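To start, the structure under review is shown below, and the notes come after it.
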Amino acid sequence: MSTDKKLTTRAGDFSAWYNEVVLRAELADYSPVRGCMVIRPNGYGIWERMQRALDDMFKATGHRNAYFPLFIPESFLHKEAEHVEGFAPEAAVVTHGGGRKLEEPLVVRPTSETIIYSMYAKWVQSYRDLPILINQWANVVRWEMRTRLFLRTLEFLWQEGHTAHATHDEAEAETRLILGVYREFMEQWMAMPVLTGLKTQSEKFAGALRTYACEAMMQDNKALQAGTSHNLGQNFARAFELKFQSESGDQEYAWNTSWGVSTRMIGGLVMTHGDDNGLVTPPRLAPVEVVVVPIWKSDEERTRVLDAAHQLRKDLTAWTGRGDDRLRVHVDGREGVKPGAKYYEWELQGIPLRLELGPRDLDNGACMSARRDTRAKTSLPLTGLAGAVAGLLSSMQADLLQAARNRREANSVRDPITYARFREIMDGEGAFVYAGWNGDPAIEARVKEETKATVRLIPDPEFRSPEAPRTCMVTGEPAVHEVVWAKAY
RNA sequence: CGGGACGUAGCGCAGUCCGGUAGCGCACCUGAAUGGGGUUCAGGGGGUCGCGGGUUCAAAUCCCGCCGUCCCGACCA
């Protein structure tokens with residue numbers, strides 16, 4: 001990491017910019033173990049707010065939390081053919097414990113389908129025991145070859161929901177319901193617009209019938225898969241004998257879903273909103289929404305301004321105009337650090353709103369506000385300040401989403417498009433390209449080979465083009481689907 | 001695992017070619033002044049030079065071996 005005051009710019013080197021923001025905003029740091037990271041308080045604070053918001057949404061849709069163990073018998077992973085193929089290469093395996101070789105090695109969970117459905121099999125006898133709607137917050141381990149802070153690490157934090165249902169349609173409805181929850185969270189909390197849709201067979205979860213996903217566009221025009229929701233069909237139910245007696249008295253296999261989002265979203269947050277001054281945090285996810293920077297010269301001024309700053313914080317946090325969601329305010333009263341230096345520091349950390357409070361402001365019964373996203377400064381009267389602050393925060397939240405949406409649309413290309421032009425785009429600035437596809441996995445593989453771009457989604461109806469593409473971009477054959485192509489993280 | 005680069009103070013680096021007292025910037029500590037967009041001055045602390053062996057009067061520097069990191073590739077919800 002450079003110790004220069006200025007960050008690498010996004011235009012200069014997006015990848016270096018990302019690393020610097022994560023490290024210098026103190027979201028995370030490298031660990032002594034290759035590919036692992038420490039999530040520092042600034043980063044974990046964002047994760048806690050993500051957790052709280054999502055957890056509330058899961059509870060509101062009838063789910064409950066539980067916890068399943070880290071260790072999974074290795075044999076479990078082998079019970080679902082496609083699943084083991086997908087995960088065995090990246091599994092971490094424990095072979096010794098208590099100073100002795102284990103009779104059966106234990107896999108550190110890369111995901112928990114196997115252990116969870118083996119337990120559900122114990123718990124379910126009749127259709128009256130269904131549905132089971134459980135979520136867990138946990139860490140998982142996947143032995144990745146190449147890692148990036150937040151985006152791909154050996155260990156990461158996530159939630160994984162696992163449900164069991166009596167019918168396919170009910171499981172499908174659950175899968176779609178959660179996809180909607182994810183979309184709402186990403187838009188309303190992260191201010192990160194996403195496309196939703198279906199993954200192709202080659203991109204789906206190993207062991208699923210089908211996978212739905214949320215895809216967001218980062219500022220380098222690459223796609224980030226930010227959340228997935230899987231309809232597992234009866235694959236795991238068959239593997240683990242998860243059966244129930246139906247109303248008609250027959251033994252039937254249950255229908256499962258699983259769905260997850262991870263700390264990867266924090267990487268998405270950085271790459272969606274960050275600018276050349278550092279992190280930009282959407283207010284709803286910011287552990288601190290408002291930082292008050294007091295300004296003084298003499299000792300008398302210092303006392304007066306500091307007192308006023310702390311009173312200001314009290315007044316703001318006591319305000320109930322947002323109900324239980326009180327304003328989160330910090331006063332930076334450090335001595336020996338000049339105000340300007342504080343401004344840069346808090347901007348780097350992405351605090352949404354700064355209030356500057358000096359003697360002149362106090363004399364005028366006002367303070368100066370500065371929004372992180374636009375860096376616009378406005379003087380605000382101290383009377384009624386809380387309402388004005390909440391208003392600015394709420395505008396910022398909305399503006400961030402709109403700006404990200406505009407950027408995504410400005411960098412999306414729609415059919416008709418030739419494959420030659422497509423290759424130019426993927427060689428250059430990148431984009432989301434909406435185009436026709438004949439549905440042939442071989443074509444998908446060829447495009448990936450030639451351009452590194454993949455089908456991100458077969459988009460849901462609300463994201464499709466007004467006129468469906470008629471022909472496959474590559475072969476000119478009739479199109480089976482409209483798909484979104486992009487390079488991805 | 002293949003190709004390339006690099007390991008020297010918390011961070012970023014110079015010094016290595018040509019062996020001879022271990023340095024610079026930032027950060028950190030103390031004091032004073034300063035304080036409305038990255039202050040200044042003065043003083044100070046901090047290093048088994050990745051690890052092991054060899055050559056030499058003498059090794060950060062030369063030789064051999066190992067370990068680790070990063071980039072490119074292979075790999076990857």
Side-chain angles (χ1 to χ4, degrees), chain A residues 1-8 13 15-16 19-20 23-24 26 29-35 82-83 85-91 110-111 113 140 142-148 151-154 156 158 160 198-208 210-215 223-230 232 258-262 264 277-278 293-299 301-302 305-306 332-348 354-364 366-370 375 377 379 448-449 452 454-457 488-489:
Chain A
M1 176 175 84
S2 160
T3 54
D4 292 345
K5 284 175 176 172
K6 286 206 184 90
L7 283 170
T8 297
D13 184 343
S15 189
N19 285 332
E20 284 180 29
L23 294 170
R24 289 176 59 176
E26 298 182 1
D29 202 354
Y30 292 106
S31 100
V33 179
R34 177 198 78 86
E82 218 183 310
H83 193 63
E85 199 179 316
F87 284 104
E90 53 188 74
T111 178
E113 274 76 9
V140 285
R142 298 175 188 182
W143 217 264
E144 302 289 356
M145 301 297 279
R146 173 175 263 158
T147 57
R148 294 288 309 276
L151 302 174
R152 179 171 286 110
T153 48
L154 298 198
F156 57 93
W158 77 343
E160 48 181 325
L198 187 64
K199 285 285 176 184
T200 62
Q201 286 299 298
S202 71
E203 295 276 332
K204 76 173 172 63
F205 173 75
R210 41 183 174 272
T211 290
Y212 296 96
C214 296
E215 293 277 337
L224 182 77
Q225 178 173 296
T228 47
S229 184
H230 316 288
L232 302 175
S258 71
W259 27 275
V261 294
S262 73
R264 180 181 234 209
N277 298 304
V293 178
I295 297 153
W296 66 78
K297 290 195 176 92
S298 62
D299 276 356
E301 278 180 356
R302 189 175 74 93
V305 170
L306 267 180
D332 184 356
R334 285 176 299 169
E335 300 196 39
V337 183
K338 295 186 74 165
K342 293 181 180 177
Y343 300 168
Y344 280 100
E345 189 175 325
W346 294 113
E347 281 174 5
L348 175 62
R354 177 177 74 242
L355 296 178
E356 308 168 9
L357 189 67
R360 291 210 300 271
D361 300 303
L362 286 180
D363 293 342
N364 299 330
C367 67
M368 186 61 74
S369 70
R375 299 182 97 210
K377 286 195 174 193
S379 182
K448 182 174 181 180
E449 170 76 25
K452 306 267 185 201
T454 49
V455 172
R456 302 319 303 158
L457 292 168
Y489 275 97

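If you're wondering where the values come from, they're calculated on a predicted model, not measured in any experiment.
Closest to the side chain of Phe205(A), out of rG36(B), rC76(B), rA77(B), is rA77(B). The listed nucleotides are rG37(B), rC76(B), rG36(B); the one nearest the side chain of Glu90(A) is rC76(B). Nearest to the side chain of Glu356(A), among rU39(B), rG36(B), rA77(B), sits rG36(B).
Across the P atoms, rU40(B) and rG12(B) are found 24 Å apart, a figure rounded to whole Å. Taking the C1' atom of each, rC1(B) and rG23(B) are spaced 40 Å apart, rounded to whole Å. Here, rG46(B) and rG25(B) have their C1' atoms 16 Å apart, quoted to the whole Å. Taking atom C1' on both rA5(B) and rG50(B), the two are 16 Å apart, rounded to the nearest angstrom. With both ends at atom P, the span from rC62(B) to rA14(B) equals 15 Å, rounded to whole Å. Straight-line distance between the P atoms of rA27(B) and rC11(B): roughly 16 Å, to the nearest whole Å. The same atom, P, is picked in rG52(B) and in rC26(B); the two are 33 Å apart, to the nearest Å. For the P atoms, the distance from rG45(B) to rC29(B) is 15 Å, rounded to whole Å.
Whole-Å rounding puts the Glu335(A) CD to rG35(B) C1' distance at 11 Å. What separates CZ of Arg24(A) from P of rA27(B) is a distance of 12 Å, to the nearest Å. If you take CG of Leu232(A) and P of rA77(B), they are 16 Å apart, rounded to a whole angstrom. As a whole-Å value, the separation of Arg152(A) CZ from rC76(B) P is 10 Å. Regarding Leu7(A), its CG atom lies at a distance of 15 Å from the C1' atom of rG12(B), rounded to whole Å. In this structure, Lys297(A) places its NZ atom 10 Å from C1' of rU34(B), rounding to the nearest Å. Note: CG (Leu306(A)) to C1' (rG35(B)) measures 13 Å, nearest angstrom. One interatomic measurement links the two molecules: OH of Tyr212(A) to C1' of rA77(B), which rounds to 16 Å at whole-angstrom precision.
For the OP1/OP2 pair of rC72(B) and a distance below 4.0 Å, the side-chain nitrogens and oxygens of Arg146(A) include at least one atom meeting the criterion. Look at Lys342(A) and you won't find any side-chain N or O under 4.0 angstrom from OP1 or OP2 of rG35(B).
Nucleic acid contact for Pro359(A): base, since at least one base atom lies under 4.0 Å from a heavy atom of the residue. Note on Thr111(A): a base of the nucleic acid sits closer than 4.0 angstrom, heavy atoms only. Residue Phe87(A) is classed as a base contact, given a heavy-atom separation below 4.0 Å to a base. Nucleic acid contact class of Glu347(A) (heavy atoms, under 4.0 Å, all strands): base. At a threshold of 4.0 angstrom between heavy atoms, the contacts of Trp158(A) include nucleobase atoms, whether or not backbone atoms are also involved. Nucleic acid contact for Arg354(A): base, since at least one base atom lies under 4.0 Å from a heavy atom of the residue. Looking at heavy-atom distances under 4.0 Å, Gly260(A) makes no contact with the nucleic acid at all. Residue contacts shown for Arg375(A) include a base, since a base heavy atom lies under 4.0 Å away.
Both thresholds, 5.5 Å between centres and 30° between ring planes, are met by Tyr344(A) relative to the base of rG38(B), so the two rings are stacked.
When side chains are defined from C-beta on, Leu457(A) does not count as touching Leu198(A), because their heavy atoms never get closer than 4.5 Å. Side-chain contact check for Phe205(A) versus Phe87(A): some heavy-atom pair is nearer than 4.5 Å. In this structure, Ser15(A) and Arg148(A) have side chains that are in contact, with non-hydrogen atoms separated by less than 4.5 Å. Looking at Lys204(A) and Arg210(A), their side chains never come closer than 4.5 Å, going by heavy atoms from C-beta outward.
In the interface, the side chain of Glu345(A) is not paired with the base of rG37(B) through any donor and acceptor atom under 3.5 Å apart. Residue-to-nucleotide contacts include no donor-acceptor pair under 3.5 Å from the side chain of Lys377(A) to the base of rG36(B).
In this structure, rC28(B) forms a base pair with rG44(B), meeting either the Watson-Crick or the G-U wobble geometry with both donor-acceptor distances under 3.5 Å. The base-pairing partner of rG23(B), taking Watson-Crick or G-U wobble contacts with both distances under 3.5 Å, is rC13(B). As the counterpart of rC62(B), rG54(B) is assigned, both hydrogen-bonding distances of the Watson-Crick or G-U wobble pattern falling under 3.5 Å. If you check rG36(B) for Watson-Crick or wobble pairing at under 3.5 angstrom, you find it has no partner at all. For rG2(B), the paired base is rC72(B) (Watson-Crick or G-U wobble, both distances below 3.5 Å). Base pairing analysis places rG7(B) opposite rC67(B); the two distances defining the Watson-Crick or G-U wobble pair are each below 3.5 Å.
Classification of Glu356(A) and Arg354(A) as a salt-bridged pair holds, one side-chain N sitting under 4.0 Å from a carboxylate O. Of the charged side-chain nitrogens involved, none lies within less than 4.0 Å of a carboxylate oxygen, so that Glu347(A) and Lys342(A) do not count as a salt-bridged pair. Using a 4.0 Å cut-off between a side-chain N of Lys or Arg and a carboxylate O of Asp or Glu, Arg24(A) and Glu345(A) do not qualify as a salt bridge.
Defined by atom type and a distance below 3.5 Å, a donor-acceptor pair is missing between the side-chain atoms of Gln225(A) and Tyr489(A).
Toward the 5′ end of RNA chain B lies the nearest nucleotide of Asn277(A), the other residue of the pair Asn277(A) and Gly35(A) mapping further downstream.
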